[in-house]
**Student:** 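Take this structure, written in structure tokens, and hold onto it; I'll ask about it next.
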Amino acid sequence: MNDTVRAGRKSGLATFFTVTFVTTWSCWLVAIALGQPPTTFPTVIPFLLGGFGPVFGAIAVRLRRGPVPVHAVRFRLNTRLLWALPLLVLAVATVAGGAVLAQALGGPALNLDAGTALIATAGGAAPFFVSMLVGGPLAEEPGWRGTAYPRLLEKMGRFRVGLVLGAAWAVWHLPLFFMTGTVQAGFGLLSWSGLLFSLSVFPMAMLTGYAYELGGVPSAVAVHFGVNATAAVLNAYSPTTQTVVFTVQLLVAVAVISFRAPRPTSCPATLSSGADRRAETHVRR
């Protein structure tokens with residue numbers, strides 16, 4: 001067994017990725033086989049369960065009682081939670097600003113008709129935004145950022161972590177391209193929109209990782225939610241708009257990470273007692 005595999009098992013990363021992918025892909029393959037949109041019964045059940053794959057991966061890691069990562073951001077009711085609001089605004093601004101810039105460059109004009117219809121279909125603003133919060137941010141961030149990010153950060157720098165998690169995140173989404181009724185299926189895997197969607201997760205991985213370091217899982221959830229909800233409301237899915245938004249988010253991600261103070265030198269976390277496990281309380285979403 002090589003050192004990389006051994007280190008992955010010790011840190012819990014191998015457990016996290018295995019449980020996450022097996023859970024998600026198994027559920028989503030069932031949803032694909034049912035051949036119905038993910039909002040219809042019974043397809044909605046495996047669809048929703050699959051979305052929580054990263055949470056199941058996070059739980060599996062906690063059950064191993066391994067050491068708490070040096071760079072884990074613990075959930076506490078303190079001023080650190082206030083980072084969620086400005087980071088939410090930043091996330092919304094990257095999409096809205098990118099959409100406006102795309103229009104100025106000759107792309108599609110901003111039109112809220114599709115977003116308004118989507119909100120109406122969901123049953124109103126409250127159900128729509130709740131579904132956008134649960135289906136993605138809450139279902140994923142305690143896993144990708146709350147579990148995998150600090151463990152990877154012990155082994156590599158922030159930009160490399162963003163690339164690794166971005167690649168994993170892009171592959172994780174692949175079954176959605178074959179599921180009737182999803183945005184990804186509407187794009188098509190071998191289309192410009194499909195390619196741009198897959199690429200968009202890389203700056204998103206960097207931005208949510210940056211948010212996690214500042215304010216923990218709640219801040220990562222805020223960034224994820226802000227991007228998803230704004231893109232849905234503005235229907236920012238044309239290739240031109242996607243390209244500009246991707247560029248804006250990439251520039252912002254590189255800028256904020258570059259100007260952030262270097263992370264402290266990591267040291268092996270050797271304790272795995274119950275007290276250590278209680279310290280990492282950002283388990284659920």
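Since the structure is predicted, the reported quantities are computational estimates derived from the model, not experimental observations.
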**Student:** Please determine whether side chain to side chain donor-acceptor pair (under 3.5 Å) holds for the pair Ser200 and Gln249, giving the CA-CA distance in whole Å, both sets of side-chain angles, and the decisive distance to 0.1 Å.
**Tutor:** CA-CA 8 Å; Ser200 71; Gln249 291 184 335; 6.0 Å; no

**Student:** Rounded to the nearest 0.5 Å, what separation is found between the CD atom of Gln184 and the OG1 atom of Thr182?
**Tutor:** 5.0 Å

**Student:** Return the CG to OG1 distance between Leu199 and Thr247, rounded to the nearest 0.5 Å.
**Tutor:** 10.0 Å

**Student:** Do the side-chain N and O atoms of Tyr212 and Glu141 include a donor-acceptor pair separated by under 3.5 angstrom?
**Tutor:** no

**Student:** Which of these passes ring-ring contact (aromatic ring centres under 6.0 Å, His included) with Phe187: Tyr237, Trp192, Phe177, Phe178?
**Tutor:** Tyr237

**Student:** At what distance, to the nearest 0.5 angstrom, does NE2 of His224 lie from CG of Leu87?
**Tutor:** 14.5 Å

**Student:** I need the minimum non-hydrogen distance between Leu105 and Val244, along with the two atoms involved.
**Tutor:** CD1-CG2, 4.2 Å

**Student:** Show the nearest heavy-atom pair for residues Thr208 and Trp169, with the distance to one decimal.
**Tutor:** OG1-CZ3, 4.5 Å

**Student:** When the ring planes of Trp28 and Trp172 are compared, do they come out parallel, tilted or perpendicular, using 30° and 60° as the limits?
**Tutor:** tilted

**Student:** Which residue pairs pass the side chain to side chain donor-acceptor pair (under 3.5 Å) test with at least one member in residues 40-58, sequence neighbours excluded?
**Tutor:** none

**Student:** Which heavy atom of Met179 sits nearest to which heavy atom of Pro38, and what is that distance?
**Tutor:** SD-CB, 4.2 Å

**Student:** Counting distance only, does the side-chain N/O of Gln103 pair as donor-acceptor with the main-chain N or O of Leu110 below 3.5 Å?
**Tutor:** yes

**Student:** Could you state the interatomic distance from CD1 (Ile257) to CZ (Phe159), rounded to the nearest 0.5 Å?
**Tutor:** 5.0 Å

**Student:** Is there a chain of hydrophobic side chains (I, L, V, M, F, W, Y, each step under 4.5 Å between heavy atoms) that links Ile32 to Ile45?
**Tutor:** yes

**Student:** Parallel under 30°, tilted from 30 to 60°, perpendicular over 60°: which one fits the rings of Phe17 and Phe21?
**Tutor:** tilted

**Student:** Has the side chain of Thr24 got a donor or acceptor atom that lies under 3.5 Å from a matching backbone atom of Gly51?
**Tutor:** no

**Student:** Checking Ser238 side chain against Pro108 main chain: does a donor-acceptor pair fall under 3.5 Å?
**Tutor:** no

**Student:** Just by modelled atom types, is the Leu214 backbone N or O under 3.5 Å from a matching donor or acceptor in the Arg80 side chain?
**Tutor:** yes

**Student:** What heavy-atom pair brings Ala232 and Met132 nearest, and what distance separates the two atoms?
**Tutor:** CB-CE, 4.1 Å

**Student:** Taking atom CG of Leu118 and atom OG of Ser131, what is their separation to the nearest 0.5 Å?
**Tutor:** 8.0 Å

**Student:** Is there a path of hydrophobic side-chain contacts, each under 4.5 Å between heavy atoms of I/L/V/M/F/W/Y residues, joining Tyr210 to Phe259?
**Tutor:** no

